[in-house]
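In what follows, residues are counted from 1 in the order of the sequence shown.
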Amino acid sequence: MRPPALKRLYVCVHSRSYGDRSAPFRFQLTGVGDFFCSGRKSVNRPPTPDVMENQGKEPTFQELINIELIESGEKERLMELLRERLIECGWKDEMKALCRAFIKKKGRNNVTVDDLVHVITPKGRASIPDSIKAELLQRIRTFLVSAAL
């Protein structure tokens, strides 16, 4: 139950799924941590950890690497490289075709984003070319050596 004093903020997002047709989704934000969608169900995400919970913990090596990647801007450059490579090799079009086939099979009104993510994610991860994985891994290793982590 929401306290009545909280302000509501509505955001309208348009999703293009089939050609020129677009389905609007209306999200309602009612306070810190609340997120409601008046359209279809959204992806289930784990709750944000409390800040007080993590104050006493020392960051892991993986977390330190992630922080350094973000602060240096290298993470964004790696993400852009990944996007370019996946588009070049046709992976994005392949995933789009898989999504459309799944939606066509189940029926447009019977598919949620969760359903798509659950079905397509394993196929998508498995179909990323090894050459792209190797290139990204090499770039990360080079970054770690230059950052002296």
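Judged purely by atom type and a 3.5 angstrom limit, S146 uses its side chain to pair as donor or acceptor with the backbone of F143. Here the side chain of N110 pairs a donor or acceptor atom with the backbone of K106 at under 3.5 angstrom. The main-chain N or O of G124 is found under 3.5 Å from a side-chain atom of W91 such that the two form a donor-acceptor pair.
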Between K133 and D130, does the side-chain contact (heavy atoms from CB on, under 4.5 Å) criterion hold? Intermediate values first, please.
CA-CA 5 Å; K133 292 178 187 177; D130 290 337; 4.1 Å; yes
Let's go through K123 and V119 carefully: what are the C-alpha distance in whole Å and the side-chain angles of both, what is the deciding distance for side-chain contact (heavy atoms from CB on, under 4.5 Å) to 0.1 Å, and is it a yes or a no?
CA-CA 7 Å; K123 294 176 183 177; V119 170; 4.1 Å; yes
Working note: R83 + E80, criterion salt bridge (charged side-chain N to carboxylate O under 4.0 Å, His left out); need CA distance, chi angles, decisive distance, verdict.
CA-CA 5 Å; R83 280 186 206 99; E80 187 58 37; 3.1 Å; yes
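Transitive grouping of hydrophobic side chains (ILVMFWY, heavy atoms separated by less than 4.5 Å) brings L144 and F61 into a common cluster. In the hydrophobic cluster analysis, where Ile, Leu, Val, Met, Phe, Trp and Tyr join through side-chain heavy atoms closer than 4.5 angstrom, I70 is grouped apart from L81.
Closest approach of P59 and L64 over heavy atoms only: CG-CD2, 3.9 Å.
With rounding to the nearest 0.5 Å, the separation of CD1 in I128 from CD in E94 is 10.5 Å. Expressed to the nearest 0.5 Å, how far CG of D93 lies from CG of L86 amounts to 11.0 Å. Interatomic distance, CD1 of I140 versus NZ of K75, reported as 10.0 Å (0.5 Å rounding). For the atom pair CZ (R125) and CD1 (I120), the distance works out to 13.0 Å, reported to the nearest 0.5 Å. Rounding to the nearest 0.5 Å gives a distance of 8.0 Å between CE of M95 and SG of C99. To the nearest 0.5 Å, atom CZ of residue R100 and atom CZ of residue R108 are 10.5 Å apart.
Ion pairing between E74 and R139 holds under the 4.0 Å rule for side-chain N and carboxylate O.
The salt bridge (charged side-chain N to carboxylate O under 4.0 Å, His left out) search around E63 returns none, not counting sequence neighbours.
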